[in-house]
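This report concerns only the one structure given below.
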Amino acid sequence: MPTETQSLRKLGFLTIGLFDGDEPRPGHESTLRVLELGEQLGFDSAWVRHRHLQYGISSPVAVLAAATQRTSRIELGTAVIPLGWENPLRLAEDLATVDVLSGGRLNPGVSVSPPRHYEDVRSALYPDTGDQEDFGYDRVSRLLSLVRGERASTFSGVEGIETFSDRVQPHSPGLAGRLWYGGASTRSAIWTGQAGMNYLTSSVVRAEEGSTDFEKIQLSHVQAFRAHHPDGARARVSQGLVVIPTDSATAEQRAKYEDYAAKRLPRTKTPQGPGGLLFSRDYVGTSAEIASQLYQHAAFREIDEVAFALPFTFEHEDYVQILTDLATRLGPELGWKPAS
């Protein structure tokens, strides 16, 4: 639990991986370079967002497969794969394959809900089964059981010259223990704890019981998760706030960062949309200033690992500056030591 006398144990970051639709390769290459830089700077983990039918990473598992061949130590995660778009068996095969390629470094984060704009995409995604698809927690349970190596088929054995398994192959021992659920409500926090998974909490929560205090709501989710998890207080939680240190930023960069945060500040005042979503403010300033603010954050004080989120729309050189300051300035301010 980070306090001014206790240290942050794991420092990670999260990126969306934007690209130009007319020329997508440079954006994907930039994302891979950012992941490589994270390893060089000593980050413990690097995470990628997942975006369907947008100009962000649509196949994070494929991108992380490439990253496994360009890194050797840093943990690689997804935050998060929306399972409404996925077949759990096929995803389990992909995740296990990438985990084997990485040497056991994959941290898949998932969540469930109907796909965004479902009525617009249903005929392409589930033309025959759209009305029967289950977008609830059972979809996560299916994935978890398959990753654990539980039975996927009633058949196994030799047929001709081919050998068949009754469980997902490859099987990667330990991967199930590195599965995360991205939640924003008390219900999801409790379910994740009961399922024995790890919990990802971000810069978005649901405004519950009339409260608009982001920190208190997020703290209540962390506490509810651990209260229902077999590991109790030792259960893993990662927090993903937007954090932008400016120690080595140019004057132009600082102005851009401050403008970015200012334009997003109004959405932190009241719940947004039909889901009643409440957003955290962005943290912009020197590492000393940000560290002081985080030490006062009710939920931050209850966790010892983070995956700070990079802003969506910045340039590659901005990400280099932010990541460098996170690893060399803010991390040490929080008592963190880079991995070797």
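A donor-acceptor contact shorter than 3.5 Å is absent between the side chain of E159 and the backbone of G157. Remark: side-chain polar atoms of R49 are not paired, donor with acceptor, to backbone N or O of A79 under 3.5 angstrom. Of the possible polar contacts, one joining the R73 side chain to the F43 backbone as a donor-acceptor pair under 3.5 Å is found. The backbone N or O of L175 lies less than 3.5 Å from no partner atom in the side chain of S172, so there is not a single donor-acceptor pair. A donor-acceptor pair is defined here as one N or O able to donate and one able to accept, closer than 3.5 Å; such a pair exists between the side chain of T71 and the backbone of A67. In this structure, Q54 contributes its side chain and R51 its backbone to no donor-acceptor pair below 3.5 Å.
H297 has its side chain within reach of F214: a pair of non-hydrogen atoms, C-beta onward, lies under 4.5 Å apart. With a 4.5 Å cut-off on side-chain heavy atoms, L106 and E75 do not count as touching. Between L278 and V204, the closest side-chain pair of non-hydrogen atoms is not below 4.5 Å. Side-chain contact between L294 and L334: present, with at least one pair of heavy atoms (C-beta onward) separated by less than 4.5 Å. Proximity of E39 to S72: side-chain heavy atoms (C-beta onward) are separated by under 4.5 Å at one or more points. Using a 4.5 Å heavy-atom threshold, the side chains of P60 and I81 count as touching. Taking the side chain as every heavy atom from C-beta outward, P271 and T212 approach each other to under 4.5 Å. Side-chain contact between V48 and L14 is absent, with no heavy atoms from C-beta onward closer than 4.5 Å.
Separating the CD atom in Q40 from the OG1 atom in T324 is a distance of 9.5 Å, to the nearest 0.5 Å. Atom CG of residue L241 and atom CD of residue Q293 lie 11.0 Å apart, to the nearest 0.5 angstrom. Residue D99 holds its CG atom at 12.5 Å from CG of D94, rounded to the nearest 0.5 Å. We find the CG-CG distance between L330 and L323 to be 11.5 Å, quoted to the nearest 0.5 Å. Taking OG1 of T31 as the start and CG of L64 as the end, the distance is 10.0 Å to the nearest 0.5 Å.
In this structure, Y199 has its ring center closer than 6.0 angstrom to the ring center of F225. Between F135 and Y118, the distance from one ring center to the other falls under 6.0 angstrom.
When all heavy atoms are compared, the tightest approach of S287 to P245 is OG-CB, 3.7 Å. Taking both residues in full, the closest heavy atoms of A339 and D44 are given as CB-OD1, 3.9 Å, listed atom of the first, atom of the second, then distance. Considering every non-hydrogen atom in both H171 and V147, the closest pair reads CE1-O, 3.5 Å. Scanning all heavy atoms of the two residues, the minimum distance from A299 to L219 falls at CB-N, 3.8 Å. The nearest pair of heavy atoms linking A235 to H229 is CB-CG, 3.5 Å. In terms of heavy-atom proximity, L326 sits nearest to P332 at O-CD, 4.4 Å.
Judged purely by distance below 3.5 Å, without hydrogens or angles, the side chains of H221 and T201 never pair a donor atom with an acceptor atom. Side-chain contact, S153 with D166: no donor N or O sits under 3.5 Å from an acceptor N or O. Side chain to side chain, S248 and D325 meet the donor-acceptor criterion of an N or O pair below 3.5 Å. In this model, no donor atom of one side chain and acceptor atom of the other lie less than 3.5 Å apart for W47 and N107. S156 and R151 share no side-chain donor-acceptor pair at under 3.5 Å. One side chain, Q239 or Q218, offers a donor N or O that lies under 3.5 Å from an acceptor on the other. Between the side chains of Q253 and T246, not a single donor N or O lies within less than 3.5 Å of an accepting N or O.
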Item to check | Trace of the side chain to side chain contact (heavy atoms under 4.5 Å, CB included) decision for K10 with D304 | outcome: CA-CA 7 Å; K10 285 183 175 288; D304 63 0; over 6 Å; no
Next on the checklist: Run S203 and R281 through side-chain hydrogen bond (donor to acceptor under 3.5 Å, both in side chains) and show every step you take.
Outcome noted: CA-CA 8 Å; S203 58; R281 69 183 181 92; over 6 Å; no
Checklist entry - So Y319 and F13, ring-ring contact (aromatic ring centres under 6.0 Å, His included) or not? Walk me through it. => result CA-CA 11 Å; Y319 295 142; F13 66 90; 9.3 Å; no
Checklist entry - What's the verdict on side-chain hydrogen bond (donor to acceptor under 3.5 Å, both in side chains) for E208 and S185, showing C-alpha distance, side-chain angles and the deciding distance? => result CA-CA 8 Å; E208 298 174 314; S185 68; 4.5 Å; no
Next on the checklist: For a side chain to side chain contact (heavy atoms under 4.5 Å, CB included) check, start with the C-alpha distance between V140 and Y181, then their side-chain angles and the critical distance, and finish with the verdict.
Outcome noted: CA-CA 9 Å; V140 190; Y181 188 84; 3.9 Å; yes
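V158 shares a hydrophobic cluster with no other residue; no ILVMFWY side chain has heavy atoms under 4.5 Å from its own. L18 forms part of a hydrophobic cluster together with I16, F312, judged by ILVMFWY side-chain heavy-atom separations under 4.5 Å. Hydrophobic cluster of L89: the remaining members, joined at side-chain heavy-atom separations below 4.5 Å, are L146, V168, listed by chain and number.
Here R264 pairs with D282 in a salt bridge; the nearest charged N to carboxylate O distance falls below 4.0 Å. Using a 4.0 Å cut-off between charged nitrogen and carboxylate oxygen, E133 and R139 count as a salt-bridge pair. Ion pair R9/E305 flagged as a salt bridge, since at least one NZ, NE, NH1 or NH2 atom sits closer than 4.0 Å to an Asp/Glu carboxylate oxygen. Salt-bridge formation is not detected for the pair R142/D138: no Lys NZ or Arg NE/NH1/NH2 atom is positioned less than 4.0 Å from an Asp or Glu carboxylate oxygen. Salt-bridge formation is not detected for the pair D231/R236: no Lys NZ or Arg NE/NH1/NH2 atom is positioned less than 4.0 Å from an Asp or Glu carboxylate oxygen. In this structure, E29 pairs ionically with R70, as a charged nitrogen and a carboxylate oxygen lie closer than 4.0 Å.
More than 12 heavy atoms of other shown residues, nucleotides or ligands fall within 6.0 angstrom of atom CZ in F164. The environment of CD in Q69 is crowded: more than 12 heavy-atom neighbours from other residues, nucleotides or ligands sit within 6.0 Å. Within a 6.0 Å radius of CZ in R33, other residues, nucleotides and ligands contribute more than 12 heavy atoms.
Shown here are the side chain to side chain contact (heavy atoms under 4.5 Å, CB included) partners of Q132, two or more places apart in sequence or in another chain: T129. H50 is linked by a ring pair (Phe, Tyr, Trp, His ring centres under 6.0 Å) to H52, counting only residues two or more places apart in sequence or in another chain.
Criterion: ILVMFWY side-chain heavy atoms under 4.5 Å apart, direct or through other members. Under it, Y295 and W336 are part of a common hydrophobic cluster. Note on V237 and L200: separate hydrophobic clusters, where clusters join Ile, Leu, Val, Met, Phe, Trp and Tyr whose side-chain heavy atoms are under 4.5 Å apart, directly or indirectly. Under a hydrophobic clustering in which Ile, Leu, Val, Met, Phe, Trp and Tyr are joined whenever their side-chain heavy atoms come within less than 4.5 Å, directly or via other members, I290 and I322 fall into the same cluster. When hydrophobic clusters are built by joining Ile, Leu, Val, Met, Phe, Trp and Tyr residues whose side-chain heavy atoms come closer than 4.5 Å, directly or via intermediates, L76 is grouped together with L143. Each of L125 and V110 belongs to its own hydrophobic cluster when Ile, Leu, Val, Met, Phe, Trp and Tyr are linked at side-chain heavy-atom distances under 4.5 angstrom.
Annotation: side-chain hydrogen bond (donor to acceptor under 3.5 Å, both in side chains) contacts involving residues 13-28, sequence neighbours excluded, are absent.
Classified by interplanar angle (parallel below 30°, tilted 30° to 60°, perpendicular above 60°), the ring pair Y257/F314 is parallel.
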